[in-house]
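The first residue of the sequence shown is numbered 1, and numbering continues consecutively from there.
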Amino acid sequence: MNRLEVAEATLEPSVRPLRLGFLGVGWIGQHRLKKLLHSGLIEAVAIADPVRAAAEQARGLAAGARLCENLHALLSQDLDGMVIATPSALHAEQTLAALASGLAVFCQKPLGRTTKETRQMVAAARQADRLLAVDFSYRFLQGMHTIRNLIQARDIGDVYAVDLIFHNAYGPDKAWFYDPLQSGGGCVIDLGIHLVDLALWTLGFPQVRHISSRLFAQGKSLEMAHGTVEDYAVAWLDLETGTTVSLTCSWRLPVGSNAIIAASFYGTQGGLALRNVAGSFYDFRAERFWGTARQTLHDPPDDWGGRAAIAWAQRLRENKQYDAEIEHAVTVAEVLDAIYGR
């Protein structure tokens, strides 16, 4: 069974649903809650969010869930795991507490704001021998799985260039995103993190030999020490395989659509690309290229948004113990730290 088949699996009637707590139930938290409930794998036992209206709305999705005032109250419940979708500055502390209480954790990205935080969280999961996963959701697009399989089968020969693009015409609507101490950075850690993970995961996580970057805020070159986050970034990664990866991402760039999202892979025998359709944040097309010819591999619709959480829940149902796959999150964090020059 591959990762997509695992993510699509539903619970056998004879198996007890996982008892989960949900910490942070804004838009993303509620979306993951709905998808997990729909999978039949879980029971939402308890919910906590400092915004009472969000907590009440989430409980409307999960009849019988208990509203808790805070993390401590959540940890007092009889849980198998916790889903965390809170501001980035809280991820490390909350994940460490949940792991120390013997719970598995599924955390919204970024896992940590820095490599140091991410390493601490992974080390805690290893020590507690508990499953830890991060919401790198773009891995679970059907088109991306096809692209990865073709690349690993050397369908396009040796991959020598990767182009990654993520332009969000709007940018975040929460103030903490714009405080580097709380967020860990701007558009790179918000958007670029997905594409860095996607490229390295697709290529089998080769070693990154060299990284260079330029960051901008409102059109001016940026130094993170000035307390401002970037809204435009370009970066270049040189891999041990000889492959070069270019990354461009932004908030509020005037690109003429809601979003431009793409991951393109160019090899000695052709190309493969995942690209959003008509400015959508959700609809993607996967294509194969030979010179001027192209073949569509996957078109929308593809209900992919909750598959990462469902795959974690399926894995947790089978085995709650530590999975070394999460160590790749440290590699991604190292790349982001290098992009930020820290």
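- In this pair, Phe281 and Tyr170 present their aromatic rings tilted. The plane angle is within the 30 to 60° band.
- Applying the salt bridge (Lys or Arg N to Asp or Glu O under 4.0 Å) criterion to Arg252, with sequence neighbours excluded, gives no partner residue.
- Side-chain contact between Leu99 and Met121: absent, with no pair of heavy atoms (C-beta onward) separated by less than 4.5 Å.
- Applying the salt bridge (Lys or Arg N to Asp or Glu O under 4.0 Å) rule to pairs touching residues 198-209 yields Arg209-Glu240, sequence neighbours excluded.
- Side-chain atoms of Ser76 come within 3.5 Å of backbone N or O of Ala73 as a donor-acceptor pair.
- In this structure, a donor-acceptor pair under 3.5 Å is absent between the side chains of Gln108 and Thr86.
- A side-chain donor-acceptor contact under 3.5 Å links His91 to the backbone of Pro110.
- Nearest heavy-atom pair, Val159 versus Ile151, reported as atom, atom and distance to 0.1 Å: CG2-CG2, 4.0 Å.
- The hydrophobic clustering, which links ILVMFWY residues whose side-chain heavy atoms are closer than 4.5 Å, places Leu272 and Leu239 together.
- Using a 4.5 Å cut-off between side-chain heavy atoms of Ile, Leu, Val, Met, Phe, Trp and Tyr, with links allowed through other members, Tyr160 and Leu164 fall into different hydrophobic clusters.
- Judged by distance alone, the side chain of Ser213 and the main-chain N or O of Ile339 form a donor-acceptor pair under 3.5 Å.
- Nearest approach of Ala309 to Leu36, heavy atoms of both residues: O-CD2, 3.6 Å.
- One distance of note links CG of Leu274 with OG1 of Thr202; it measures 9.0 Å at 0.5 Å rounding.
- Cluster annotation: Trp201 and Leu203 are assigned to the same hydrophobic cluster (Ile/Leu/Val/Met/Phe/Trp/Tyr, side-chain heavy-atom contacts under 4.5 Å, transitive).
- Lys109 and Asp197 are not joined by a salt bridge, as no carboxylate oxygen comes within less than 4.0 angstrom of a charged side-chain nitrogen.
- Taking 4.0 Å as the cut-off between side-chain N and carboxylate O, Lys116 and Asp337 do not count as a salt-bridged pair.
- Counting non-hydrogen atoms of neighbouring residues, nucleotides and ligands closer than 6.0 angstrom, the CD atom of Gln127 reaches no more than 12 such neighbours.
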Run the side chain to side chain contact (heavy atoms under 4.5 Å, CB included) test on Leu247 and Val196 for me, step by step, so that the C-alpha distance in whole Å, both residues' side-chain angles and the decisive distance to 0.1 Å come before the verdict. CA-CA 8 Å; Leu247 166 68; Val196 169; 4.0 Å; yes

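- The residues Glu56 and Arg59 are annotated as salt-bridged, a charged nitrogen and a carboxylate oxygen being separated by less than 4.0 angstrom.
- Put simply, the side chain of Leu132 does not reach to within 4.5 Å of the side chain of Tyr322, judged on heavy atoms.
- Each of Ile84 and Leu90 belongs to its own hydrophobic cluster when Ile, Leu, Val, Met, Phe, Trp and Tyr are linked at side-chain heavy-atom distances under 4.5 angstrom.
- When all heavy atoms of Ala124 and Leu96 are compared, the closest pair comes out as CB-CD2, 3.3 Å.
- Remark: Lys320 engages no residue in a salt bridge (Lys or Arg N to Asp or Glu O under 4.0 Å) (not counting sequence neighbours).
- Minimum interatomic distance between Leu222 and Glu230 (heavy atoms only, all atoms of both residues): CD2-N, 3.3 Å.
- With sequence neighbours left out, Glu93 forms a salt bridge (Lys or Arg N to Asp or Glu O under 4.0 Å) with no residue at all.
- One N or O on the side chain of His145 and one on the backbone of Arg139 form a donor-acceptor pair closer than 3.5 Å.
- Between atom CZ of residue Arg126 and atom CD1 of residue Ile326 there is a gap of 11.0 Å, rounded to the nearest 0.5 Å.
- Checked against a 6.0 Å centroid threshold, the rings of Phe166 and Trp251 do not count as neighbours.
- Within the 4.5 Å cutoff, the side chain of Ser246 has no heavy atoms near those of the Val162 side chain.
- With a 4.5 Å cut-off on side-chain heavy atoms, Asn319 and Leu131 do not count as touching.
- The main-chain N or O of Gln218 is found under 3.5 Å from a side-chain atom of Asp231 such that the two form a donor-acceptor pair.
- For the atom pair OG (Ser280) and CZ (Arg275), the distance works out to 16.0 Å, reported to the nearest 0.5 Å.
- One distance of note links CD of Gln314 with CD1 of Ile310; it measures 9.5 Å at 0.5 Å rounding.
- Separating the CZ atom in Phe106 from the CG atom in Asp135 is a distance of 3.5 Å, to the nearest 0.5 Å.
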Kindly indicate, with the supporting measurements, whether the criterion side chain to side chain contact (heavy atoms under 4.5 Å, CB included) is fulfilled by Leu215 and Tyr340. CA-CA 8 Å; Leu215 309 178; Tyr340 283 122; 3.6 Å; yes

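- The six-membered or imidazole ring of Trp304 lies near that of Tyr138, with a centre-to-centre distance under 6.0 Å.
- In this structure, Ser183 contributes its side chain and Phe177 its backbone to a donor-acceptor pair below 3.5 Å.
- For the pair Tyr232 and His167, the minimum side-chain heavy-atom distance is below 4.5 Å.
- Using a 4.0 Å cut-off between charged nitrogen and carboxylate oxygen, Asp158 and Arg154 count as a salt-bridge pair.
- Crowding of Arg66 atom CZ: a count of heavy atoms from other residues, nucleotides or ligands under 6.0 Å not exceeding 12.
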Evaluate the criterion side chain to side chain contact (heavy atoms under 4.5 Å, CB included) for residue pair Val332 and Ile193; output intermediate values, then yes/no. CA-CA 7 Å; Val332 174; Ile193 188 172; 3.8 Å; yes

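- Follow the hydrophobic side-chain contacts under 4.5 Å out from Leu336 and you never reach Ile165; the two are in separate clusters.
- Using a cut-off of 4.0 Å between Lys/Arg side-chain N and Asp/Glu carboxylate O, Glu327 and Arg119 are scored as not salt-bridged.
- Taking 4.5 Å as the limit, every side-chain heavy atom of Val105 sits out of range of all side-chain heavy atoms of Arg130.
- Side chains of Asp78 and Arg19 form a contact here, defined as non-hydrogen atoms less than 4.5 Å apart.
- Side chain of Asp238 to backbone of His210: no donor-acceptor contact under 3.5 angstrom is found.
- When all heavy atoms of Tyr178 and Gly171 are compared, the closest pair comes out as OH-C, 4.0 Å.
- For CD of Glu69, the number of neighbouring non-hydrogen atoms (other residues, nucleotides, ligands) closer than 6.0 Å is 12 at most.
- Residues forming a side chain to side chain contact (heavy atoms under 4.5 Å, CB included) with Arg113 (at least two apart in sequence, or on another chain): Ser88, Ala89, Glu117.
- With 3.5 Å as the limit, one finds a donor-acceptor pair spanning the side chains of Gln30 and Gln57.
- When atom types are taken as modelled, the side chain of Thr115 and the backbone of Glu334 share a donor-acceptor pair closer than 3.5 angstrom.
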Check the pair Ile156 / Thr268 against side chain to side chain contact (heavy atoms under 4.5 Å, CB included), numbers first and verdict last. CA-CA 6 Å; Ile156 61 170; Thr268 54; over 6 Å; no

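- Going from atom OG1 of Thr118 over to atom NE2 of His328 covers 14.5 Å, rounded to the nearest 0.5 Å.
- Under the 3.5 Å distance criterion, the side-chain polar atoms of Asn276 are matched with a main-chain donor or acceptor of Ala259.
- Arg16 and Asp80 are joined by a salt bridge, as a carboxylate oxygen and a charged side-chain nitrogen come within less than 4.0 angstrom of each other.
- In this structure, Ser101 and Leu75 approach most closely via the heavy-atom pair OG-CD1, 3.7 Å.
- With sequence neighbours excluded, no residue satisfies salt bridge (Lys or Arg N to Asp or Glu O under 4.0 Å) with Asp49.
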